[in-house]
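Heads up: the structure comes next, in structure tokens.
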Amino acid sequence: RRSFVHALVIALIALFVGVAGSAAAFFYMPDSGSAPSIYDSFNFSSTANGFWHVYTDGADATIKHGMLTLSGHTLELDRRLQTDPKETVVALRIRGRSFHKFGAGLGIYHAGTLGLEFDDDGIKCGRGTDHGYAVDTVRGWTAPPANQWFYLLIAVINPYPNPKVLAKLGNVDYSQLKKVTLRCAIFDAQGHLLAEDTAKHPPPNAHYAGLDEAYMRTWDSRNNYQIAWFNAGPPGGDPLNAISRQTF
């Protein structure tokens, strides 16, 4: 559908401004398959206007007073993005009013593969591996810290930041290519680093070139999470940089 609309817009431009004008418009028109980085402070209805793709099953995603509230059973919000050549981060400000299962991270379209969980039994660094899905406990707790604000952050580092090097590996078996580095961290409301983890045993099996979306999701039941803002993109644009008291 997006391709059809894209072609229709170009055809209309060609009709009114001629071939030369349409060629210029085509050159400068954004590619809908290469979405930019993401920042959402939830001051607008971004779950209703199509900014986020929303899937729900017994759950609700509501935006009110600059806050996204995710409540109920299964819910996923995802949005396409373009990864940074070297490193892409996902950061968000969040609190749990009723904890169960929440995750956020990066993945391949509609197949989240790298993420940090903010669950009723602790913070976890999760990823797909050659031995199935694996999680590291970054910080555990026996009683979830309800109604307290935290910052969550994951960083995914590209093992081939130089495109010329990657191009030379075009004939190498896909399974032999280096995988991404995944780091997860949690900060308190004042920006102090509470815990961090680099997923190594086993390492992620995701390939950086395939990552093309950011997501948030809940599953199971009794979830009630509030998110004040969400960011995904290059490290230089991460708003957590201005808040954090410790280098991640």
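Being a predicted model, the structure only gives us computed values, none of them experimental.
When hydrophobic clusters are built by joining Ile, Leu, Val, Met, Phe, Trp and Tyr residues whose side-chain heavy atoms come closer than 4.5 Å, directly or via intermediates, Phe44 is not grouped with Trp229. Linking Ile, Leu, Val, Met, Phe, Trp and Tyr whenever their side-chain heavy atoms come within less than 4.5 Å puts Trp141 and Val138 in one cluster. No chain of hydrophobic side-chain contacts below 4.5 Å, direct or via other Ile, Leu, Val, Met, Phe, Trp or Tyr residues, connects Trp149 to Ile243. Ile94 and Leu194 fall within the same hydrophobic cluster, defined by Ile, Leu, Val, Met, Phe, Trp and Tyr side-chain heavy atoms under 4.5 Å apart, directly or through other members. The hydrophobic clustering, which links ILVMFWY residues whose side-chain heavy atoms are closer than 4.5 Å, places Phe230 and Val54 together.
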query = Yes or no on side-chain contact (heavy atoms from CB on, under 4.5 Å) for Thr83 and Val156, after CA distance, side-chain angles and deciding distance?
reply = CA-CA 9 Å; Thr83 52; Val156 183; over 6 Å; no

query = For Arg222 and Asp120, what are the C-alpha separation, side-chain angles and deciding distance, and is it a side-chain contact (heavy atoms from CB on, under 4.5 Å)?
reply = CA-CA 10 Å; Arg222 305 190 304 277; Asp120 54 1; 4.3 Å; yes

message = Pair Ile123, Leu152 - check side-chain contact (heavy atoms from CB on, under 4.5 Å), show working.
response = CA-CA 9 Å; Ile123 300 291; Leu152 306 182; 4.1 Å; yes

task = Decide side-chain contact (heavy atoms from CB on, under 4.5 Å) for Leu81 and Leu106; before the verdict, give the C-alpha distance in whole Å, the side-chain angles of both, and the deciding distance to 0.1 Å.
result = CA-CA 9 Å; Leu81 88 161; Leu106 296 173; 4.1 Å; yes

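The distance from atom SG of Cys125 to atom CZ of Arg139, rounded to the nearest 0.5 Å, is 15.5 Å. Expressed to the nearest 0.5 Å, how far OG1 of Thr198 lies from NZ of Lys200 amounts to 6.0 Å. Interatomic distance, Ser41 OG to Ile63 CD1, rounded to the nearest 0.5 Å: 9.5 Å. To the nearest 0.5 angstrom, Leu114 atom CG is 10.5 Å from Thr181 atom OG1. In this structure, Arg97 CZ and Leu70 CG are separated by 12.0 Å, a value rounded to the nearest 0.5 Å. Interatomic distance, Tyr55 OH to Thr74 OG1, rounded to the nearest 0.5 Å: 7.0 Å.
Considering every non-hydrogen atom in both Thr113 and Leu211, the closest pair reads OG1-CD2, 3.9 Å. Taking every heavy atom of both residues into account, Asn158 and Pro161 meet most closely at O-CD, 3.5 Å. Between Val90 and Ala232, the closest heavy-atom pair is CG2-CB, 4.0 Å. Closest non-hydrogen pair, Ile154 versus Cys184, comes out as CG2-SG, 4.0 Å. Residues Gly66 and Asn43 come closest through the heavy atom pair CA-OD1, 3.6 Å. Heavy atoms only, all atoms of each residue included: Arg80 and Asp212 are closest at NH2-OD2, 3.0 Å.
In this structure a side-chain-to-backbone donor-acceptor pair under 3.5 Å is missing from Asp119 to Asp121. Panel note: side chain Asn223, backbone Trp219; a donor-acceptor pair is recorded below 3.5 Å. Side-chain N or O atoms of His100 include one that pairs as donor or acceptor with a backbone N or O of Ser221 at under 3.5 Å.
Residues Lys101 and Thr218 fail the side-chain proximity criterion, which asks for heavy atoms closer than 4.5 Å. The shortest distance between side-chain heavy atoms of Tyr160 and Leu177 falls below 4.5 Å. Side-chain contact between Lys179 and His207 is present, with at least one heavy-atom pair separated by less than 4.5 Å. Side chains of Ile38 and Phe51 form a contact here, defined as non-hydrogen atoms less than 4.5 Å apart. Put simply, the side chain of Met67 does not reach to within 4.5 Å of the side chain of Phe42, judged on heavy atoms. Annotation: side chain of Leu240 is not in contact with side chain of Val89 (no heavy-atom distance under 4.5 Å). The shortest distance between side-chain heavy atoms of His131 and Pro202 falls below 4.5 Å. Contact annotation: the side chain of Pro163 never approaches that of Pro85 to less than 4.5 Å [non-hydrogen atoms, C-beta and beyond].
Between Phe118 and Phe99, the ring centre distance stays below 6.0 Å.
Salt bridge present: Glu196 and Arg183 bring a charged side-chain N and a carboxylate O closer than 4.0 Å. Electrostatic pairing of Asp136 and Arg127 counts as a salt bridge here, judged by a charged N lying under 4.0 Å from a carboxylate O.
Ring geometry for Tyr225 against Phe102 counts as tilted: the plane angle lies between 30° and 60°, on a 0 to 90° scale.
Looking at residues two or more places apart in sequence or on another chain, you find no salt bridge (Lys or Arg N to Asp or Glu O under 4.0 Å) involving Asp40.
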